[in-house]
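Nothing fancy with the numbering, it's 1 onward along the sequence.
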Amino acid sequence: MNIVSTPKRVICLGIRPMYEDSKARTYEYFVQPKPLFCRLPVTQSFVDKVTELRCWLVEKDLKSLSFLWRDIVWFYGVTERFHFGIESIVHVSATELFITGKYNFEAESLYRSVSLPISELVEEHVLKSVDTTAFELPCSKALITEIDAKYQSYLRTLDMQEKLEQVRDDLISLADSSVQLMSVENQRYIDSLQLEVAALDRLTTEQELSLENLCARLLYQSLQIALGDWVYFDINRHRKPVQLVAESVSYHEGVIYINGANITQKGEIGKRQESISFGILNNESDG
């Protein structure tokens, strides 16, 4: 049961069906009007719930979490409320959320809302400052060691992939320029190289995602900064401070990079992309 609280404002989200025409649908599904949008009251209890789930995402290294929320109302017209029972499920990722709905007599969700940036739930954004001294804590140092170890493993895998790609390309080029027909054994060797390159490509992609997740965990664990937060970094008095929305985080050669749209002097999200970078191995800030 939800905690009752007065909504600060109401957000309406457009809806699209997840299933258009399926023989598995019940008779009620076909005769009822279809909802076109849903109304989400933004209460403090809802914001607190989303914030709690975002923390779990970072701490548990998860992609998304979902919860049932009963305050959402579905409509099929501006003044036509959808009176038939629809259960509303909120799906939360690191930066956005969306809502799915299903009839209470259905096993699967039928409708999905457009995505809503989590930053839209907050009326007054607080700029979170990057304090690099936080990375001197033992728990942060342990995670930094893990990040760099995974990065070195990623570099070795990437180097192996590039070398195999070069061998494969050389063999293909040689076969194309040769007047003799390629032997079956040579073709099988090239095919096996193709499979190895594809496998390494998948592995490097997985390693990149793992690094991003570890970097996001480090930011949250050390600075309580999550993706979607507004971030402030003043490297020194000789340079202009950087303000941005944290949209992505990465690691390269001992340096963490936070990337995202700039925050203007009016306190609005701009169109220019900004980047904050600071060393974590030797704790030297780069700007």
Side-chain angles (χ1 to χ4, degrees), residues 57-64 93-96 115 130 132 135 139-222 225-228 231 242 244-261 272-287:
L57 289 174
V58 176
E59 292 175 356
K60 306 299 182 181
D61 193 18
L62 302 173
K63 297 296 182 184
S64 66
S93 69
T95 58
E96 62 184 19
S115 295
V130 174
T132 56
F135 299 115
C139 58
S140 297
K141 286 187 174 181
L143 195 49
I144 289 170
T145 300
E146 183 179 356
I147 289 172
D148 192 63
K150 283 188 177 292
Y151 177 72
Q152 298 303 325
S153 177
Y154 162 75
L155 290 181
R156 289 191 293 270
T157 305
L158 187 63
D159 181 62
M160 187 184 304
Q161 178 186 344
E162 291 174 348
K163 289 178 178 177
L164 281 179
E165 286 177 342
Q166 186 62 53
V167 173
R168 178 203 59 191
D169 294 343
D170 289 344
L171 285 176
I172 293 175
S173 177
L174 179 62
D176 291 340
S177 62
S178 175
V179 295
Q180 295 181 348
L181 293 176
M182 180 181 293
S183 67
V184 174
E185 289 77 11
N186 287 341
Q187 184 59 56
R188 286 177 177 172
Y189 183 57
I190 291 178
D191 291 343
S192 68
L193 284 176
Q194 294 275 33
L195 293 174
E196 289 186 49
V197 168
L200 288 173
D201 183 59
R202 290 191 296 270
L203 180 56
T204 54
T205 300
E206 292 172 0
Q207 289 175 324
E208 287 175 346
L209 290 174
S210 178
L211 275 170
E212 291 175 9
N213 292 336
L214 282 174
C215 290
R217 195 191 308 173
L218 176 66
L219 288 182
Y220 182 78
Q221 178 179 288
S222 304
I225 291 175
L227 295 181
V231 182
V242 179
L244 56 79
V245 181
E247 297 174 351
S248 65
V249 59
S250 58
Y251 176 82
H252 179 74
E253 298 294 346
V255 178
I256 287 280
Y257 297 86
I258 306 175
N259 307 299
R272 188 177 72 253
Q273 288 292 306
E274 290 278 8
S275 179
I276 292 173
S277 61
F278 45 87
I280 56 174
L281 284 183
N282 52 12
N283 204 25
E284 292 181 0
S285 301
D286 299 313

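Exactly one of Ile258, Val245, Leu244, Asn259 qualifies for a side-chain contact (heavy atoms from CB on, under 4.5 Å) with Glu274. That residue is Leu244.
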What's the verdict on side chain to side chain contact (heavy atoms under 4.5 Å, CB included) for Val197 and Leu195, showing C-alpha distance, side-chain angles and the deciding distance?
CA-CA 5 Å; Val197 168; Leu195 293 174; over 6 Å; no
Could you go through Gln161 and Thr204, starting from their C-alpha distance and side-chain angles, then the distance that decides it, and tell me whether this counts as side chain to side chain contact (heavy atoms under 4.5 Å, CB included)?
CA-CA 9 Å; Gln161 178 186 344; Thr204 54; 3.4 Å; yes
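The distance between the ring centers of Phe278 and Phe135 falls below 6.0 angstrom.
Contact of the Asp201 side chain with the Leu203 side chain is not registered, since no non-hydrogen atoms from C-beta on lie closer than 4.5 Å. For the pair Glu247 and Thr95, the minimum side-chain heavy-atom distance is 4.5 Å or more.
Ser64 meets the side-chain hydrogen bond (donor to acceptor under 3.5 Å, both in side chains) test with no other residue; sequence neighbours excluded. Not counting sequence neighbours, Glu206 has no partner by the side-chain hydrogen bond (donor to acceptor under 3.5 Å, both in side chains) test. For Ser222, the side-chain hydrogen bond (donor to acceptor under 3.5 Å, both in side chains) partners are Ser140, not counting sequence neighbours. With sequence neighbours left out, the side-chain hydrogen bond (donor to acceptor under 3.5 Å, both in side chains) criterion links Lys150 to no other residue.
Summarising the geometry, atom CD belonging to Glu253 is positioned 6.0 Å from atom CG belonging to Leu155; distances are rounded to the nearest 0.5 Å. From Ile256, atom CD1 reaches atom OG of Ser277 across 10.5 Å, with rounding to the nearest 0.5 Å. Once rounded to the nearest 0.5 Å, the distance linking OH of Tyr151 with OG of Ser210 reads 14.5 Å. Interatomic distance, OG1 of Thr145 versus CD1 of Ile280, reported as 9.0 Å (0.5 Å rounding). Note: Leu281 CG to Asp148 CG = 4.5 Å, rounded to the nearest 0.5 Å.
Checking side-chain atoms of Tyr251 against main-chain N and O of Gly254 turns up a donor-acceptor pair under 3.5 Å.
Pairing each heavy atom of Tyr154 with each of Glu208, the nearest pair is OH-OE2, 2.9 Å.
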Distance-only donor-acceptor pairs under 3.5 Å for side chains of residues 211-221, two or more places apart:
| from | atom 1 | to | atom 2 | distance (Å) |
| --- | --- | --- | --- | --- |
| Asn213 | ND2 | Asp61 | OD1 | 3.3 |
| Asn213 | ND2 | Leu209 | O | 3.3 |
| Gln221 | NE2 | Cys139 | O | 3.2 |

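Here salt bridge (Lys or Arg N to Asp or Glu O under 4.0 Å) pairs that include residues 157-168, with residues two or more places apart or in two chains, are Asp159-Lys163.
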